[in-house]
Undergrad: 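The structure that follows is given in the form of structure tokens.
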There are 2 protein chains.
Amino acid sequence: MSRLTREDIIVGAGRRFATHGYHGTSMRDLGDDLGILGSSIYAHVGGKQELLVAVIERGAAFFEAAAMAARAQGDGPESVLRLLVAGHIDVVLDHRAEARTYLSETHVLEPGARASIAATRDRYERVFVETIADGVDTGAFAPTIDPRLAAIYVLSVLNTIDRWFDDRGRITRTDLADDVNAFVLRGLVGGRETN
Amino acid sequence: MSRLTREDIIVGAGRRFATHGYHGTSMRDLGDDLGILGSSIYAHVGGKQELLVAVIERGAAFFEAAAMAARAQGDGPESVLRLLVAGHIDVVLDHRAEARTYLSETHVLEPGARASIAATRDRYERVFVETIADGVDTGAFAPTIDPRLAAIYVLSVLNTIDRWFDDRGRITRTDLADDVNAFVLRGLVGGRETN
DNA sequence: CCTACCGATCGGTAGG
DNA sequence: CCTACCGATCGGTAGG
């Protein structure tokens, strides 16, 4: 039972914010989780909003790193997209608390921090849009695809996965990534006309 | 400036809950929106939780009605799925506050109400699963499709639409429904192998 | 629907 | 990290 670190507090805050929301979490709740008093948290951090910023910035950083890795390792639009999908799934499942807080609580951020996170998120989503646009240009994806809409569809699927997927369930994470990729790529590549 | 009805209060509560969350809404906030005092709300409803239940039950009812209509009007799995998609988009955009509260705040419901809503939601999602399973059986959709996973993907896309779609934007709602349907149906039907 | 409240809880601080 | 607080705000009530 040694003393807690700032790191411990942020991790605990992430878990609470992810499950109960920022407004649904009191400093006393958080203290209870950590085995200290709510007021003791102020020995480690400046306040509740600072905790939210720290958790969300971590979430954003994980996604950003995953996008950079996918871009660096992929070879061609389809390959990059596959890596983006797999990477996003890993972030959302390996860093559930930070990812969920980032995805759900950004609107509670004070204006300055919110703008900064919105910019990071824009950059990330643009990687999806550009990758899909590349695929349309090279002919890997169908010419009728609107990259902006398609990117939103893909991200909608990815951002929901932590809500229902269980690593101990009947399908493995790799199977999931393959299945999502298969579904999405068929959606992008086309085949028979559907309209 | 006549007196407000219970209906007015519930509509106002829906708007607040959808934008600020249940825990981010105080009875005084809600009163301000309605032009009365927070305490005056208790002349119309029993409490804050009762308001949440009312808003979410309305949201659930809209989705349920849309599913029934799609099933009744559709002819074959692909046709039913198209109607389910278009119907879901209409609910989410025509009843934004109720739909968003239903989709995002159900976890704050007290156990009894939560269980009831969870059952309703299960029933709704099962319509998607069964429609897709029918399509696999009839050969309309690819045999490799897992209906449970595919239904989740489709619903993930649909449940996010109110977050980014603007009726005054560059694409119309009908175009959106067509585009989502085209994307989803290609994903379900297959074409060339993607794995 | 307002006046006038209530006890409980909130985020946060001073001092150790 | 605790003790001992603070003012503000919360959901809610009695009485009109």
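Numbers restart at 1 for each chain; the letters A, B, ... are given by sequence-line order, proteins then strands. Bear in mind that the values here come from a model prediction, so they are computed numbers and not experimental data.
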Undergrad: Does any residue of residues 42-56 of chain A have a heavy atom under 4.0 Å from DNA chain D, and if so, which ones, in number order?
TA: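 DNA chain D contact set from residues 42-56 of chain A: A:A43, A:H44.
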Undergrad: Can you sort out the partners of A:D134 under side-chain contact (heavy atoms from CB on, under 4.5 Å), two or more places apart, ordered by chain and number?
TA: A:P77
Undergrad: Check for me, please, whether B:V129 and A:V157 land in the same ILVMFWY cluster - side-chain distances under 4.5 Å, paths through other members count.
TA: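 No, because B:V129 and A:V157 fall into different hydrophobic clusters, even though each may have its own neighbours under 4.5 Å.
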Undergrad: For a quick check of understanding: with a heavy-atom distance under 4.0 Å over all strands, which category does A:L4 fall into, base, sugar-phosphate or nothing?
TA: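 The answer is sugar-phosphate, as A:L4 gets under 4.0 Å only of primed atoms, P, OP1 or OP2.
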Undergrad: Using side-chain heavy atoms (C-beta onward) and a distance below 4.5 Å, is B:L158 in contact with B:V92?
TA: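 A side-chain contact under 4.5 Å is absent here.
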Undergrad: Contact boundaries of DNA chain C with chain B (under 4.0 Å, heavy atoms), 5' to 3'?
TA: C:dC1 to C:dA4
Undergrad: Who are the salt bridge (Lys or Arg N to Asp or Glu O under 4.0 Å) partners of B:D8, not counting sequence neighbours?
TA: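 Scan of B:D8 (salt bridge (Lys or Arg N to Asp or Glu O under 4.0 Å), adjacent residues dropped) gives none.
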Undergrad: Whenever both distances are under 3.5 Å in a Watson-Crick or G-U wobble pair, mark it; put DNA chain D into dot-bracket that way, with [ ] for crossing pairs and | when the partner is on another strand.
TA: ||||||||||||||||
Undergrad: Do the ring planes of B:H88 and B:F128 sit parallel (below 30°), tilted (30 to 60°) or perpendicular (above 60°)?
TA: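 It falls in the perpendicular class, over 60°.
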Undergrad: Quick test of your reading of the model: are B:D33 and B:R15 salt-bridged, counting only N-O distances below 4.0 Å?
TA: no
Undergrad: Check for me, please, whether B:I9 and B:L37 land in the same ILVMFWY cluster - side-chain distances under 4.5 Å, paths through other members count.
TA: no
Undergrad: Any idea which heavy atoms bring A:L176 and A:W164 closest together, and the distance?
TA: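 Smallest interatomic distance, heavy atoms only, reads CD1-CH2, 3.5 Å.
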Undergrad: Do you know the tightest heavy-atom contact between B:R173 and B:I89?
TA: CG-CG2, 4.0 Å
Undergrad: Touch check for B:I36, heavy atoms < 4.0 angstrom, all strands: base, sugar-phosphate only, or nothing?
TA: sugar-phosphate
Undergrad: Would you kindly compare B:I9 and A:R28 by the position of their nearest DNA chain C nucleotide and give the one closer to the 5′ end?
TA: B:I9
Undergrad: Show me the pairs that pass side chain to side chain donor-acceptor pair (under 3.5 Å) and involve residues 102-116 of chain A, at least two apart or across chains.
TA: A:R100-A:S104
